[in-house]
Amino acid sequence: MQEMQENLKSAIKQAVLNAELAKEEEIPAIVLEQPKDKAHGDYATNIAMQLARVAKKAPRQIADAIIEKLDHTKASIKQVEIAGPGFINFFMDNSYLTNLIPTIIEQGESYGSSNAGKSEKVQVEFVSANPTGDLHLGHARGASVGDSLCNILQKAGYDVSREYYINDAGNQINNLALSVEARYNQALGKDFPMPEDGYHGADIIKIGEDLKAQYGESLLEKAPTEQHVFFREYGLKYELAKLAKDLEQFRVTFDHWFSETSLYEEDKVVPAIEVLREKGYIYEQDGATWFRSTDFGDDKDRVLIKQDGSYTYLSPDIAYHKNKLDRGFEKLINIWGADHHGYIPRMRAAIQALGYDADTLEVEIIQMVNLFENGEKVKMSKRTGKAVTLRELMEEVGIDAMRYFFVMRSADSHLDFDMDLAKSQSNENPVYYVQYAHARICTMLKQAEEKQIDFTSYDQSLAQSEKAEELLKKLGEFSQTIEDAAINRTPHRIPQYLFDLASSLHSFYNAEKVIKEDALEETKAKLALMQAVKITIHNGLKLIGVNAPESM
RNA sequence: GUCCCAGUAGCUCAGCUGGAUAGAGCAACAGACUUCUAAUCUGUAGGUCGGGCGUUCGAAUCGCUCCUGGGACGCCA
């Protein structure tokens, strides 16, 4: 596919030179696009319009000259036309498409892979929810997008590491300990108020009950500080185990869980600040230590060490990002909720102050998820713990539908999650449409197996049709789609591609019968095509963490 | 007040490193099951791409500006 495009491009370039329309250095990069309307050919280029100024001729005249000098044989061109204001449309000799099927079948699970990423070492940090409660809708979206993006980057040849940053050092963990203490006492039947900023989730109530079952009232005999440490450690361990379990069930795993506390234990925070101080980006004012982030375009300077001597959140974060870079990652991708977008400039400033290019850090912002139930927006409140959790959604909606739903939209669009629609499992949910295409193929292949039709060798020319050609073209776009999704960090391209592919398959299925006992050779060719589609759908769904069922 | 995201068909959204007649799904309407799964397919209808100005041979796409909706602006994390 790509080799052919390159051939075509070089042929066009040569034609421009031969026609003496422009000097080599004046020729812009030749862009081939695939027209939406197939009446406009398989590929089109706008080079004639782009050259209009340089060549001082009308675009259509230029196009004429190019075509005259074009070497048709070199790039398997069947026909060339000039259209509209000066587009050159190429109709290709589509025999190249037939090579696609054996290629896909041979590559199997690895079909779609490329080395576009050139093994660049990329770290993706995502979810990173505080271990103080259950994961909710927003985290579910972040997990879906993050994991899918990682899969896509890997498929496109990047060296990817997935990381979860555990905020286990700040005030919120104290509040967790206090909340656990309250719930434990309440479980023992005592009238014990929740702390002001306590966590009201059902999970903490469960911790209280577990502690009662395990220890009875014995924990009350410990000294207050000892108690606090105990509740803290117990709560943290419990919450982390739950996070990992929920995420794993959601088919999201991490290579590394990074503890904020470890930054202090291994003395990483002070040295990171010292690096900035040595470079002159640190100053003291009003009894606090400041980072001059305005040197790098931030709105205002930021406090690193407060008057009371404690760190702001930014300090360990700078140390953490320095640590990431020290580990040799060439690109850091952070996936954050929209409520953190204001934090980007100071973080990028820190990256630059550490001596790296600002673009080393990329922050992908995921817009909010609104939950709708019974046609009304459901207000979610952390304070009362009345948020719909990832776990509840997995049970009610199903993992496949969630994974697909959360990644099918552009991440910078607000997402309305309609509980009733998701629960109803109606045909409005496109994941079934794609899965159904896969299941249909499996049924056909199973029948072929029962009839003992062996299609290891076949003659592809026997299965040519308009619908078959559409399918083939779609199959051929898979690798390019993955590359685009990887480079632009747009995982939603994958479900959209899969939907299109499934659509082509369903259309083909309705137009043509595959298994025909009286036309065995034709059947074999079609079965091979089906096998290729099956592999591609399977590989695509795998990228977004959705199962490809054999039957539905 | 400053910053970020969004505004495209009745609804939910693609398309945005500029290209040809702006695309899907749902909803509406008309059809297709004696068939390898109808969770499907085929067709019809539906749009001043929020408004204006500008750049360009060409703008949904780029720039400026205004309007509307959502979010963020702590020596919290």
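Chain letters run A, B, ... following the sequence lines, proteins first and then strands; every chain starts at 1.
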State whether [X] places a side-chain N or O below 4.0 Å from either non-bridging phosphate oxygen (OP1 or OP2) of [N].
{"X": "A/H340", "N": "B/A77", "value": "no"}
{"X": "A/R440", "N": "B/A39", "value": "no"}
{"X": "A/S310", "N": "B/C75", "value": "no"}
{"X": "A/Y509", "N": "B/C33", "value": "no"}
{"X": "A/K306", "N": "B/C76", "value": "yes"}

Considering only heavy atoms and no angle criterion, is a donor-acceptor pair shorter than 3.5 Å present between the side chain of [X] and the base of [N]?
{"X": "A/H341", "N": "B/G71", "result": "yes"}
{"X": "A/N46", "N": "B/G19", "result": "yes"}
{"X": "A/N89", "N": "B/A20", "result": "yes"}

Check every atom of B/C36, B/C13, B/G70 against the side chain of A/T443 and return the nucleotide holding the closest atom.
->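 Among B/C36, B/C13, B/G70, the one nearest the side chain of A/T443 is B/C36.
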
Selected nucleotide, minimal atom distance to A/N130 side chain, candidates B/U40, B/A77, B/G71 =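 For A/N130, the side-chain atoms sit closest to B/A77.
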
Remember a base hit wins even if backbone is also touched, and classify [X] as base, sugar-phosphate or nothing at under 4.0 Å, heavy atoms.
{"X": "A/H506", "result": "sugar-phosphate"}
{"X": "A/Y311", "result": "sugar-phosphate"}
{"X": "A/S410", "result": "sugar-phosphate"}

For the residue pair A/F91 and A/Y43, is the inter-centroid distance of their aromatic rings smaller than 6.0 Å?
->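 Judged by ring-centre distance (under 6.0 Å), A/F91 and A/Y43 do not meet the cut-off.
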
If you count the non-hydrogen atoms of other residues, nucleotides and ligands that lie under 6.0 Å from CD in A/E449, is the total more than 12?
->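 Not buried by this count: 12 neighbours or fewer within 6.0 Å.
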
A/K306 NZ: over 12 foreign heavy atoms closer than 6.0 Å |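 Yes, NZ of A/K306 has more than 12 neighbouring heavy atoms, counting only those of other groups under 6.0 Å.
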
With stacking defined as ring centroids separated by under 5.5 Å and planes differing by under 30°, is A/F87 stacked against B/G19?
->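 According to the criterion (under 5.5 Å, under 30°), no, A/F87 does not stack.
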
Taking atom C1' in both B/A20 and B/C57, what distance in whole Å separates the two?
->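 About 13 Å, rounded to a whole number of Å.
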
Could you identify which residues of residues 511-519 of chain A place a heavy atom less than 4.0 Å from some atom of RNA chain B, listed by residue number, or say none?
->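 Output list: A/E512, A/K513, A/V514, A/I515.
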
Mind listing the residues from residues 447-455 of chain A sitting with a heavy atom below 4.0 Å of RNA chain B? Number order is fine.
->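 Close to the strand are A/Q447.
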
Salt-bridged, A/E522 to A/K526, with N to O below 4.0 Å?
->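 A/K526 and A/E522: salt-bridged.
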
Derivation and outcome, ring-ring contact (aromatic ring centres under 6.0 Å, His included), residues A/F126 and A/Y164 = CA-CA 6 Å; A/F126 60 110; A/Y164 189 116; 8.3 Å; no

With a distance cut-off below 6.0 Å to the six-membered ring centre and an angular limit of 45° from the axis, does A/R348 pair with A/F296 as a cation-pi contact?
->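 No; the conditions do not both hold, so A/R348 does not lie above the ring face of A/F296.
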
With both pairing distances under 3.5 angstrom for Watson-Crick or G-U wobble, and | for a partner in another strand, the correct string for RNA chain B is (((((((..((((.....[...)))).(((((.......))))).....(((((..]....))))))))))))....

Please work out which of the three classes, parallel, tilted or perpendicular, describes the rings of A/Y281 and A/F291, given edges at 30° and 60°.
->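 Because their plane-to-plane angle is over 60°, the rings of A/F291 and A/Y281 count as perpendicular.
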
